[in-house]
Participant: 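Sending over a structure as structure tokens; questions will come in a sec.
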2 protein chains.
Amino acid sequence: MERVISIPKPTLERLPLYYRRLLQWREEKVSIVSSADIGKNLGIDSAQVRRDLTYFGAVGRPGIGYKVEELISYLGELLGINNVNEAIIVGVGNLGRAICSYPGFAPYGLSIVAFFDIDPQIVGTKIRGHEVFHVNDLIHIVKRLKIQIGIITVPAREAQKVADQMVAGGIRAIWNFAPTRLHVPEEVIIRSEDLAVGLATLSHYLVREDLSERAEGLDRGISGS
Amino acid sequence: MERVISIPKPTLERLPLYYRRLLQWREEKVSIVSSADIGKNLGIDSAQVRRDLTYFGAVGRPGIGYKVEELISYLGELLGINNVNEAIIVGVGNLGRAICSYPGFAPYGLSIVAFFDIDPQIVGTKIRGHEVFHVNDLIHIVKRLKIQIGIITVPAREAQKVADQMVAGGIRAIWNFAPTRLHVPEEVIIRSEDLAVGLATLSHYLVREDLSERAEGLDRGISGS
DNA sequence: TAGATTGTTAATCGATTAACAATC
DNA sequence: TAGATTGTTAATCGATTAACAATC
């Protein structure tokens, strides 16, 4: 399955961070950076940075560093950013709207070309100049426009149904914001952004800290620090 | 630093998934589940599930499985869900509003008790019955209410300033949705939800697939499958 | 040349999985 | 008891970090 060169997932999640920081450096007219610069800035080991950047072949110069411009287009290529990524979004409540107008996407060439909802109050209205279609038209429209990316921002209980229709329309990657697990054919890529996971882990750390305060008190005599 | 019992991060991100699925089972009147049930449902190895569930001591019965009810309260405790988590949110654009009304949080006891913004058009209005305050009042209000969690949904360039004020007010955990890295004292917990990372990885996989199609063609003679 | 920094190899660290004795 | 499933140990796998020769 995982054929050809395959990048470790953690690396893949760091590349966009490098990319974004590089855009900022370009803005600031910085033309060359070292792996140490990048690492210090993002809190990542410099060896890790070099490692990450060489998965598809080298791009830096020993003794010099990385040309910001070069690295940007290299990473852009790698991340598929240089392409235009056309997507549809299903569910135009607050979350859907927030995603449509999320400024962080600006550099990533995401273009949301059609909006869908099921609420008759919303279907037929316009969002950012685009008409909102009924979900029933999804398969048809997706096929016609050959859309590859589908974004799901509907309630959890609707999500699977929507995913099924996306798959039927030929969508190859689903970005799911509904708090539920989706079942799709294995050739379809799924990425779920599960906000509850974020909240729960944060909340867990708070609890942990409370517990560990006592423990640290007992501990201090032994381990110092 | 990482004192007392410490759970691996990947485990910590799976616990909320278990928790959510268990709530669903309870709803369906299922009273006992096995690690195999949980695993199959979430696409996780059953040994992994057992491992994850024993980091704070055992809860299952050999030969039987796990009592849904017991496991729910066990995980709830672990994740700090049984507490009420009071939070403030800064930035009440679409994303802020989406988070406030995100249904996935329902089980997690998150209570957003104050809203802040800087836009004079918005300050003073009400959201879900709560007045929106000016960011200038943040430190004062956070101190008075002894809030521990701050949610940042402002544009990237404002985020650090907001984080500084949260820290000054005594907030201990920050949930950051702005696409930028925040610098805070090390005792403050930060979790960043970086949507651009999600988008970029998704887009990357699409590109990879396109490339690998060719490669697979060449490959097939050798490795079959 | 001397100093800096890469790309890469080897060593370390941490997480996942397999296997199985203990237990219901 | 026989069958099922846990909790845990040991083996495997994968990612991070340290170290350094090669290169500018």
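So you know, we letter chains A, B, ... as the sequences are listed, proteins then strands, and number each from 1. Because the structure is a prediction, the values reported are computed rather than measured.
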Participant: Which residues, if any, of residues 36-45 of chain A bring a heavy atom under 4.0 Å of DNA chain D?
Facilitator: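 Asp45(A), in order of number.
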
Participant: Tell me which residues in residues 9-31 of chain B put a heavy atom below 4.0 Å from DNA chain D, sorted by number, or none.
Facilitator: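 DNA chain D contact set from residues 9-31 of chain B: none.
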
Participant: Identify the 5'-most and 3'-most nucleotides of DNA chain C with at least one atom closer than 4.0 Å to a non-hydrogen atom of chain A.
Facilitator: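 Footprint of chain A along DNA chain C, 5' to 3': dA4(C) to dT9(C).
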
Participant: Under the side-chain contact (heavy atoms from CB on, under 4.5 Å) rule, what do Ile151(A) and Val90(A) come out as? Steps first, then yes or no, please.
Facilitator: CA-CA 6 Å; Ile151(A) 306 175; Val90(A) 182; over 6 Å; no

Participant: Side chains of Asn94(A) and Arg97(B) only: does a donor on one sit below 3.5 Å from an acceptor on the other?
Facilitator: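 No donor-acceptor contact under 3.5 Å links the two side chains.
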
Participant: Under a 3.5 Å distance rule, please check whether Thr153(B) uses its side chain to pair with a backbone N or O of Gly91(B) as donor and acceptor.
Facilitator: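 Indeed, once roles are kept as given, a pair shorter than 3.5 Å links the two residues.
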
Participant: Just do the salt bridge (Lys or Arg N to Asp or Glu O under 4.0 Å) check on Glu187(B) and Arg172(B) with the steps written out, would you?
Facilitator: CA-CA 7 Å; Glu187(B) 70 272 15; Arg172(B) 291 170 56 208; over 6 Å; no

Participant: Over all heavy atoms of both residues, which pair between Trp175(A) and Glu193(A) is shortest? Give the atoms and the distance, please.
Facilitator: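 For Trp175(A) versus Glu193(A), the nearest heavy atoms are NE1-OE2, 3.1 Å.
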
Participant: Would Asp45(A) and Arg51(A) count as a salt bridge (Lys or Arg N to Asp or Glu O under 4.0 Å) if you check the C-alpha gap in whole Å, the side-chain angles of each, and the deciding distance to 0.1 Å?
Facilitator: CA-CA 10 Å; Asp45(A) 189 87; Arg51(A) 230 308 133 108; over 6 Å; no

Participant: Would you mind classifying the nucleic acid contact of Ser46(B) as base, sugar-phosphate or nothing, using non-hydrogen atoms under 4.0 angstrom?
Facilitator: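 The answer is nothing, as Ser46(B) stays clear of every strand by at least 4.0 Å.
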
Participant: Remember a base hit wins even if backbone is also touched, and classify Val49(A) as base, sugar-phosphate or nothing at under 4.0 Å, heavy atoms.
Facilitator: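 Since no nucleic acid heavy atom lies under 4.0 Å of Val49(A), the category is nothing.
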
Participant: When rounded to the nearest 0.5 angstrom, what is the spacing between OH in Tyr205(A) and CD1 in Ile189(B)?
Facilitator: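 Output value for this atom pair is 8.0 Å.
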
Participant: Take Leu42(B) and Arg14(B) through the test side-chain contact (heavy atoms from CB on, under 4.5 Å) and record every step on the way to the result.
Facilitator: CA-CA 9 Å; Leu42(B) 300 173; Arg14(B) 283 188 295 266; over 6 Å; no

Participant: Without swapping roles, check the side chain of Ser203(B) against the backbone of Gly80(A) for a donor-acceptor pair under 3.5 Å.
Facilitator: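 The answer is yes, because a donor-acceptor pair under 3.5 Å joins these two groups.
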
Participant: When rounded to the nearest 0.5 angstrom, what is the spacing between CG in Leu199(A) and CD1 in Ile99(B)?
Facilitator: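 Taking CG in Leu199(A) and CD1 in Ile99(B), the distance rounds to 10.0 Å.
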
Participant: Is a side-chain donor-acceptor pair under 3.5 Å present for Tyr108(A) with Asn85(A)?
Facilitator: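 No donor-acceptor contact under 3.5 Å links the two side chains.
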
Participant: Any residue in residues 61-77 of chain B with a heavy atom nearer than 4.0 angstrom to DNA chain D? Just list them by number, or reply none.
Facilitator: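 By residue number: Arg61(B), Pro62(B), Gly63(B), Ile64(B), Gly65(B), Tyr66(B).
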
Participant: Rounded to the nearest 0.5 Å, what separates atom CD1 in Ile81(B) from atom CG in Leu15(B)?
Facilitator: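 Rounded to the nearest 0.5 Å, the CD1-CG separation comes out at 9.5 Å.
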
Participant: Begin from the C-alpha positions of Arg191(A) and Glu13(A) and carry the test salt bridge (Lys or Arg N to Asp or Glu O under 4.0 Å) through to its verdict.
Facilitator: CA-CA 12 Å; Arg191(A) 171 155 182 129; Glu13(A) 312 224 313; 2.8 Å; yes

Participant: Output the pairing pattern of DNA chain C as a dot-bracket string, 5' first, Watson-Crick or G-U wobble with both distances under 3.5 Å, | for cross-strand pairs, [ ] for crossing pairs.
Facilitator: ..||||||||||||||||||||||

Participant: Do the side chain of Thr201(B) and the main chain of Leu12(A) share a donor and acceptor less than 3.5 angstrom apart?
Facilitator: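 Checked: no pair found.
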
Participant: Which residues pass the side chain to side chain donor-acceptor pair (under 3.5 Å) test with Asp37(A), sequence neighbours left out?
Facilitator: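 With sequence neighbours excluded, Asp37(A) shows a side chain to side chain donor-acceptor pair (under 3.5 Å) to Ser34(A), given in chain and number order.
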
